[in-house]
Visitor: 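Structure in structure tokens, see below.
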Amino acid sequence: MTKEKLLELLKDMSLEEKIGQLVQLPPELMGDDAMATGPAQSMGITYEQIYECGSTLTVTGAEKLKKIQDKVLSTQPHKIPMLFMADIINGYRTIYPIPLAQGASFDTKLSEECARMAAKESSYDGLHVTFSPMADLVKDSRWGRVMESTGESVFLNSEMGKAMIVGYQGKDMTEEGSMAACVKHFAAYGAPMGGRDYNTVELDERTLKDEYLPAYEAAIKAGVALTMTSFNTINRVPSTANKWLMRDILRDKMGFKGVLISDWGAIGELVNHAVAADKKEAARLALEAGVDIDMCTESYFANTKALIDEGLISEELLDECVLRILELKNDLGLFENPYRFADEAKAKECILSKENRALARKAAGQSMVLLENHKSILPLSEKSGKVAFIGPYVDCKHLYGFWSLWGRDEDTASVRETVDEFIKTGELSEKPSFAQGSNFLKKGEKLVQFGGYADIPENEDEEGMLNEALNLAKEADTVVMLLGEHAFHSGEAGSRTDIRLPKPQRKLLDEVSKVNKNIVTVVFSGRPLDLRDVKKRSKAVLEAWFPGTEGAAALLDVLYGKVNPSGKVPMTFPRNVGQLPMCYNELPTGRPNNGDDTNRAMSRYLDVANTPLYPFGYGLSYTKFDISPVTLSSDTLTKDTSITASVKVTNVGKVTGSEVVQLYIRDKVASVSRPVKEHKGFEKICLKPGEEKTVEFVITEDMLRFTTINNVYESEPGSFDVFVGNSSATDNKAEFILK
């Protein structure tokens, strides 16, 4: 449909029709018993009005959604199709690793492929929009939603977000198997005070602009179709009512032309923020800020007409929102084909296909991070002798993390089941022994999910489980501990002040370590944990994250050396929770810690080192790489020239492996304090034993820009350090001058 036709349609719509387009209905209103539900009653909506609304979410299934669309088309006066949206965070039915794990892969093409796979599965099953990617920068692993981010690097988040958008949306959104992406949560949702979800955010404007906004802007430049508002405040104004943030920054400065949608209930929550007296005032504030869709409250539905009738807002403001929604539906091709790609046969063929499972397995293997490997205890081989797998994750199938809404245990094999399958297919010759050893949680502990407590099996015979595990450990030559937080420990509303392993698992590891010193610990988690005790009791530590549908197969690939681990931590691992928030690019202090323990007057802790347990970008391999000193093509840079920084990387080990070569830059003196290092580039290379490759990074003046003392985004002349290495802790550097 042409722009002119859309404008004609808009002009012909009634006020009530326009308002309906702004309303997103909760999934419980889309069933046959919709009018009996609490949401229907609280919204004051009639059965007919349900099908005149613009969108709904979290309703799936090609056959079901086509029936809903039929009802919409028979009810809606202008036959405007409904949008079907959902949280497709790390896969639809085939689940690949959580976004934080994808960040650990440092592989943008792989993330793009995974997003494309998810788009095909979900679009064939009737969905149009995914609430992904999450571009929130994260520095505090107390916050459970770090699992949805790709980490603490502005550069990495930007690159990963762009890759996911290309994967979801394709070349354009008429491409078969594509869907619209929605970048979230605008803005700075990843910096809640105390790491507590939905909490306030306190950031100075310079930090907001230089660190937290760039990844969203990268998504917008990549053509993302929607943006979602965040729950938090910015400058003490809730994002959903923040005209400066949404109009001046998002619309005017960043040039976003697409649909702006609130997060669930965020418009109504302006009342709780105490910036609106009631939902009528909340609706006015959100509309003035340019929020197009009200997700699952009655704020717009019940109040927009009165706001216009009373002259509190103009109908032109409403038209502005409605037109953007109509343009999105048009870009998706819904006016020509209201069912779009919904196809039961194609969905059945695509969902959980052999190809999709293979991609999920590859992604999981590439995302795992080898944190420790003393005396090369990994990979497991004949030298490992008798192997015992011990821990709650021996039989757990919930390997796909929080927000994998359509992941199913029956589609996911446990480690024990996968070992049995590997034995059958000949991928393994020696079968290890197994024991659960402990429960996930301490006795009586509950984990809350939305709508009640999570169903986590609990074995009453804790002593019996422990004794069984200890007997196996005594007989084994090597013990693989399968430990970690449960999926419901992290994710939305999964904030924690204790980020160690659950207490029963810490006890299990401690007891096993007393009878066997050859311990490999595999950690499943949605966040960086406090792993001090794990490191102390283990010869090898492998961070597996929540690896997805094929996670167990990928884990065995890594443990037995079929896949050489190449992941790097995308977020700093603290020594303990007291160091949080923590990140690689901290600002220097006037009293830096010089290592003199007799000097109290330094910026340091009395009980723990300033340094992290594992720094951003860190990760080991089954081989070893040598990185040469940094060579610069010139020691002078201008606005019209570039410098090439190069290193030679050599695989000096005995097996083929991949290394992530990382570029960091430091502005040595500036008008405002600048980070000790800023991540500016990476390249992942694969080398055979003895093979050498030159890796080059091109440095240009625009990479050195920041918000200066004059509140202008620009570079300043001076000296800069260039670091190239295999983690943010590298000291391998050279120096140049910007003139």
Visitor: Quick one: sort the F616 and Y584 rings into parallel, tilted or perpendicular, breaks at 30° and 60°.
Guide: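 Judged by the thresholds at 30° and 60°, the geometry between F616 and Y584 is parallel.
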
Visitor: Check D395 with R416, please: is the shortest side-chain N to carboxylate O separation under 4.0 Å?
Guide: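 D395 and R416: salt-bridged.
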
Visitor: Quick one about N564 and S621 (side-chain donor to acceptor, distance below 3.5 Å, no hydrogens or angles considered), yes or no?
Guide: yes

Visitor: Testing V647, V649, V652 for side-chain contact (heavy atoms from CB on, under 4.5 Å) with D626, which one passes?
Guide: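 Among V647, V649, V652, the one that satisfies the side-chain contact (heavy atoms from CB on, under 4.5 Å) with D626 is V652.
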
Visitor: Apply the test ring-ring contact (aromatic ring centres under 6.0 Å, His included) to residues F389 and F434: give CA-CA distance (whole Å), side-chain angles for both, the deciding distance (0.1 Å), then the verdict.
Guide: CA-CA 5 Å; F389 282 77; F434 296 92; 5.6 Å; yes

Visitor: Test your reading of the model: is there a side-chain donor-acceptor pair from T94 to the backbone of L352, 3.5 Å cut-off?
Guide: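 Confirmed, T94 side chain pairs with L352 backbone.
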
Visitor: Determine whether V522 and L555 make a side-chain contact, defined as any pair of heavy atoms from C-beta on separated by less than 4.5 Å.
Guide: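 Sidechains of L555 and V522: in contact.
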
Visitor: Under a plain distance cut-off of 3.5 Å, with no hydrogens placed, do T572 and E152 share a side-chain donor-acceptor pair?
Guide: yes

Visitor: Assess whether atom NZ of K383 is packed by more than 12 heavy atoms of other residues, nucleotides or ligands within 6.0 Å.
Guide: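 More than 12 within 6.0 Å, yes.
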
Visitor: Between F736 and F720, does the ring centre distance come in under 6.0 Å?
Guide: yes

Visitor: Over all heavy atoms of both residues, which pair between I95 and A360 is shortest? Give the atoms and the distance, please.
Guide: O-CB, 3.8 Å

Visitor: Say whether Y168 and S132, considering side chains only, have a donor N or O and an acceptor N or O under 3.5 Å apart.
Guide: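 Result is yes, a qualifying pair exists.
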
Visitor: Is it the case that D136 and Y216 place a side-chain donor and acceptor less than 3.5 Å from each other?
Guide: yes

Visitor: Please determine if K120 and E355 form a salt bridge, counting it only when a charged side-chain N lies under 4.0 Å from a carboxylate O.
Guide: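 E355 and K120: not salt-bridged.
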
Visitor: Below 4.0 angstrom, N of the basic side chain to O of the carboxylate: do E113 and R116 qualify?
Guide: no

Visitor: Does either side chain, that of T730 or that of N732, offer a donor lying less than 3.5 Å from an acceptor on the other one?
Guide: no

Visitor: Identify the heavy atoms of Q579 and R575 that sit nearest to each other, and give their distance.
Guide: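 Nearest pair, atom of Q579 first, then R575: OE1-N, 2.5 Å.
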
Visitor: Do S538 and E372 have side-chain atoms, one donor and one acceptor, less than 3.5 Å apart?
Guide: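 Short answer, no.
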
Visitor: Show the nearest heavy-atom pair for residues A388 and A476, with the distance to one decimal.
Guide: CB-CB, 3.8 Å

Visitor: Is any side-chain heavy atom of L483 less than 4.5 Å from a side-chain heavy atom of P392?
Guide: yes

Visitor: Please give me the minimum heavy-atom distance between I627 and N726, naming the atom from each residue.
Guide: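 Result for this residue pair: CD1-N, 3.9 Å.
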
Visitor: Taking the six-membered ring for Trp, are H679 and F682 parallel (under 30°), tilted (30 to 60°) or perpendicular (over 60°)?
Guide: parallel

Visitor: Can you see which heavy atom on T623 is nearest to which on G657, and at what distance?
Guide: CG2-CA, 4.1 Å

Visitor: Side chains of Q662 and S727: do they bring a donor and an acceptor to under 3.5 Å?
Guide: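 There is no such pair (donor and acceptor under 3.5 Å, judged by atom type) between the side chains of Q662 and S727.
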
Visitor: Does a side chain donor of either Q102 or N90 reach within less than 3.5 Å of an acceptor in the other side chain?
Guide: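 Side chains of Q102 and N90: no pair found under 3.5 Å.
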
Visitor: Mind checking whether F546 and Y393 have parallel, tilted or perpendicular rings, split at 30° and 60°?
Guide: tilted

Visitor: In plain terms, say whether R93 and D411 are close enough for a salt bridge, that is, a side-chain N and a carboxylate O under 4.0 Å apart.
Guide: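 A salt bridge is present here (some side-chain N lies under 4.0 Å from a carboxylate O).
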
Visitor: Ignoring hydrogens and angles, state whether a donor on the side chain of N518 or K539 is under 3.5 Å from an acceptor on the partner side chain.
Guide: yes

